Amino acid sequence: MARANDEVAEALREYADLFALEGGDAFRVRSYQRAAKAIAGYPEDLRAGHARDVPGVGSAIAAKVEEFLGRGSFRQLDELRARIPEGVRRLMGVPSLGPKTALSLYRELGVDSVESLSLAIDEGRLRGLPGMGPRTVENLRLGIERRRQAGERIHLGVADHLAEKVAESLPGAERVAVAGSARRMCETVGGLEVLAVGPAELMSVFTAQSYVAEILSAGDAETSVRTVQGLQVDLRLVPAESWGAALIHFTGDAGHDARLRELAAERGWRLSEHGLFDGDGRIASRSEEEVYAALGMQWVPPPLREDRGEIEAALRGELPALVELEDLRGDLHTHTDLTDGIASLEDMVAAAAARGYSYFAVTDHAPDLAMQRMTLEKALAQRERLARLQEDFPGMRLLHGTELNIGPDGSVDWPQEVLEGFDVRVASVHSHFAQSRDQMTRRLVAACENPGVHVIGHPTTRKIGRRPMVDADWQAVFRAAARTGTVLEIDSYPDRADLPSDLVRLARRHGVKFSIDSDAHAVPHLAYPRFGVGIAQRAALTPDDVVNTWPLDRLLAFLDGGGAPSRP
DNA sequence: GCCGTTTTCGGCCCGACTGTTTTCAGTCG
């Protein structure tokens, strides 16, 4: 499955949890957690490089990493695993149940799994334990129940929709904004953090909404509810003068925020959601820009706030100029009702023109996806319709494309001479998802090496919550894409979000170029690239990395250059 | 555990909320 880095990171996370369970020093726990996160996000494979080069990894953790790479574990982890059953660690997955409670339940009652906790609660055995009043026990019971039915994190498209609904339901607010992982454009989120400026009554307006299923906690400053879909939404009321500091604090992520507070502390100041203070004196708080500037750094775009080096870059004034939605000049992957879209060619093109694009590719499915009933006659007829439509849209170049199917052996459909008639050739995996890692790698590499293929569509084929990524040696695929000048798609469809940002980051290191496409099957889907741009920003892409920010001439020259490196 | 433009030792981020508690521990973000 994963790169060595991901396995190492998971082992360190487990070690951090077990270490915390035994009451280990909190600072050491944090060191293990930070190292795990840094290793997971490190672009080089640890097997090829030196763990010591990863920030947050010192000699002690480097030794553990080395031992893990050699034999799949390390001594200290083995020892903790021998003392604490796996189920005790999983107890910490129950909301409101942390390491202290987990260990106490295990030591006092032998509770070593969520199931045995459930049983202990039902039998009333928690009563009498220190800190275990009736409400705490009831909250544990509810927490287990909620966790059972809540399921997975949701993708950003669903979160975005809910965020709009929440904002609309608070008309009395002077200002409303979504913070948290949704603002950081994470591909999936576990809940929504909403900030508002407005009267105290907003809280009761909020809890009375029809989308609220349950009130989890309620205070003057923050209220948490669970929605009918099972998603947690936190609303925080913020004084206008603290808006910027609060946005920073609740946007996170936790690591980024902690580093900012350390920077403040180094200067003898204090940073919180209320502001940046020198003693009682307020230094900055009204806007994010003001707070970052007071700390001597550039404003950091939310998608970069992960404590993965952005703080240092911002202090040096060297943050990359991230690709923005406005930079996109076109869309290279869209469908119409000729195959599985629901909008006509004319409607899709008109909507694309309204977005101000300077080029637009229609890429309906190719014949091997038999259910789409594509034929050469239909494709050629569509090409003629597109040519006629072109006359109505002089400012936008219409490109006739196709979405090819990458067969199990890496070949694609349409004969070569037909293929050459298309302006844009996206090739995607639509079947045989369960191939072995070797087969899938060869398949994707072969598609990259096919000179008829311009773009690999939704490269991992994952669907969030429904289908896992295919198994492939991604480094090998990225090397092939870079070598052949094959573009890798960032499919913006929110349940795909494919490539995911961590793979985009890795691919970029290999010199791969990307296209941010909608994969639209209907007119409203043409707005999806805002999610794809979020993925690209999380991977620190600049416009030069994204071919559909380029002028048409440069784009076409790159595509038809068979991968010759292209510079602006 | 990690880390260093006052440091190789002694620091290491902040506040809200809950429940159980006579002043605070645990959890969360």
Side-chain angles (χ1 to χ4, degrees), chain A residues 12 15-16 19-21 23-38 51-52 54-65 76 91-105 126-140 142-143 179-181 183-184 189-195 203 215-224 232-238 242 245-246 248-277 295-296 305 307 311-312 315-316:
Chain A
L12 285 174
Y15 187 65
F19 192 76
L21 270 167
D25 176 62
F27 294 113
R28 290 174 65 182
V29 173
R30 187 178 158 208
S31 293
Y32 295 124
Q33 288 168 339
R34 284 193 64 182
K37 184 174 159 183
R52 281 302 303 265
V54 182
V57 175
S59 58
I61 291 181
K64 293 179 174 69
V65 169
Q76 297 88 338
L91 286 179
M92 290 196 289
V94 175
S96 83
L97 205 169
K100 297 282 192 296
T101 314
L103 191 70
S104 155
L105 290 169
L126 268 55
R127 226 172 293 146
L129 249 56
M132 280 294 160
R135 309 196 66 144
T136 299
V137 174
E138 176 60 11
N139 281 338
L140 287 178
L142 279 172
S181 50
R183 182 162 181 246
R184 299 199 315 276
V189 304
L192 279 186
E193 299 270 352
V194 182
L195 303 189
M203 287 305 195
I215 299 170
L216 301 175
S217 75
D220 295 338
E222 60 186 69
T223 292
S224 296
Q232 182 170 332
V233 180
D234 300 344
L235 176 64
R236 330 254 174 188
L237 277 187
V238 175
S242 300
I248 290 176
H249 182 85
F250 292 110
T251 296
D253 74 354
H256 179 90
D257 282 359
R259 292 293 311 283
L260 293 183
R261 287 192 288 270
E262 282 174 9
L263 284 179
E266 280 172 24
R267 291 158 170 76
W269 301 336
R270 195 178 75 260
L271 176 65
S272 73
E273 63 262 51
H274 305 301
L276 180 61
F277 296 93
L295 291 171
R305 297 183 193 172
D307 191 19
I311 304 251
E312 293 71 17
L315 283 167
R316 291 192 307 264

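This one's a predicted model, so the numbers in the text were calculated from it and none came from an experiment. Sequence lines set the chain letters: A, B, ... in the order given, protein chains first and strands last, and positions in each chain run from 1.
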Quick check: closest heavy atoms across [X] and [Y], and the distance to 0.1 Å?
X	Y	result
A:L271	A:R261	O-CD, 3.1 Å
A:G56	A:I61	O-CD1, 4.3 Å
A:A258	A:R30	CB-NH2, 4.1 Å

In whole angstrom, give the distance that lies between atom [atom1] of [X] and atom [atom2] of [N].
X	N	atom1	atom2	answer
A:D257	B:dC28	CG	P	18 Å
A:L140	B:dG26	CG	P	14 Å
A:L276	B:dG15	CG	P	12 Å
A:L263	B:dT5	CG	P	12 Å
A:W269	B:dC13	CH2	P	17 Å
A:E266	B:dC12	CD	C1'	10 Å
A:R236	B:dG29	CZ	C1'	7 Å
A:L129	B:dT21	CG	P	12 Å

Using a heavy-atom cut-off of 4.0 Å across all strands, would you classify [X] as base, sugar-phosphate, or nothing?
X	answer
A:V29	nothing
A:A221	sugar-phosphate
A:R34	nothing
A:A26	nothing
A:L260	nothing
A:P99	sugar-phosphate

State whether [X] places a side-chain N or O below 4.0 Å from either non-bridging phosphate oxygen (OP1 or OP2) of [N].
X	N	value
A:N139	B:dT18	no
A:R135	B:dG19	yes
A:H274	B:dA16	yes
A:T136	B:dT20	yes
A:R52	B:dC2	no
A:R270	B:dG15	yes
A:T101	B:dT27	yes

- Task: Go through A:L235 and A:M203 one step at a time and tell me if the side-chain contact (heavy atoms from CB on, under 4.5 Å) criterion holds.
- Result: CA-CA 8 Å; A:L235 176 64; A:M203 287 305 195; 4.0 Å; yes

Return the nearest nucleotide to the side chain of [X]; candidates are [options].
X	options	value
A:S217	B:dC13, B:dC14, B:dT18	B:dT18
A:I61	B:dC2, B:dC13, B:dG29	B:dC2
A:S59	B:dC12, B:dT18, B:dC2	B:dC2
A:K100	B:dG26, B:dG29, B:dC13	B:dG26
A:S31	B:dC13, B:dG29, B:dC2	B:dC2
A:K64	B:dC13, B:dT18, B:dG1	B:dG1
A:A265	B:dC13, B:dC2, B:dG15	B:dC13
A:R28	B:dT27, B:dA16, B:dG1	B:dG1

- Task: Using a cut-off of 6.0 Å, state whether more than 12 heavy atoms not belonging to A:R267 lie near its atom CZ.
- Result: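 It does: A:R267 CZ has more than 12 such atoms within range.
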
- Hey, is A:D307 close enough to A:R34 for a salt bridge, meaning N to O under 4.0 Å?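 Yes.
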
- Between A:R259 and A:D253, is there a side-chain N and carboxylate O pair less than 4.0 Å apart?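 The answer is no: the pair does not qualify as a salt bridge.
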
Euclidean distance for [atom1], [N] against [M] (whole angstrom):
N	M	atom1	value
B:dA16	B:dT21	P	24 Å
B:dG15	B:dG10	P	27 Å
B:dG1	B:dT6	P	29 Å
B:dC2	B:dC13	C1'	16 Å
B:dT20	B:dG26	P	14 Å

- Message: Under 5.5 Å centre to centre and under 30° between planes: does that hold for A:F27 and the six-membered base ring of B:dC2?
- Response: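 No; by the centre-distance and plane-angle rule, A:F27 does not count as stacking on B:dC2.
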
- Task: Take A:V137 and A:Q232, find for each the nucleotide of DNA chain B with the closest heavy atom, and name the residue whose nucleotide sits nearer the 5' end.
- Result: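 Of the two residues, A:V137 wins.
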
- Message: If you assign A:G56 and A:E222 each to the DNA chain B nucleotide with the nearest heavy atom, which residue ends up on the more 5' nucleotide?
- Response: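 Its nucleotide being nearer the 5' end, the pick is A:G56.
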
- Return the nucleotide paired to B:dT8: Watson-Crick means purine N1 to pyrimidine N3 with N6-O4 or O6-N4, wobble means G-U with N1-O2 and O6-N3, both under 3.5 Å.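 Paired with no nucleotide.
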
- Quick one: do the A:N139 and A:S96 side chains pair a donor with an acceptor below 3.5 Å?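 Looking only at side-chain atoms, A:S96 and A:N139 do not form any donor-acceptor pair under 3.5 Å.
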
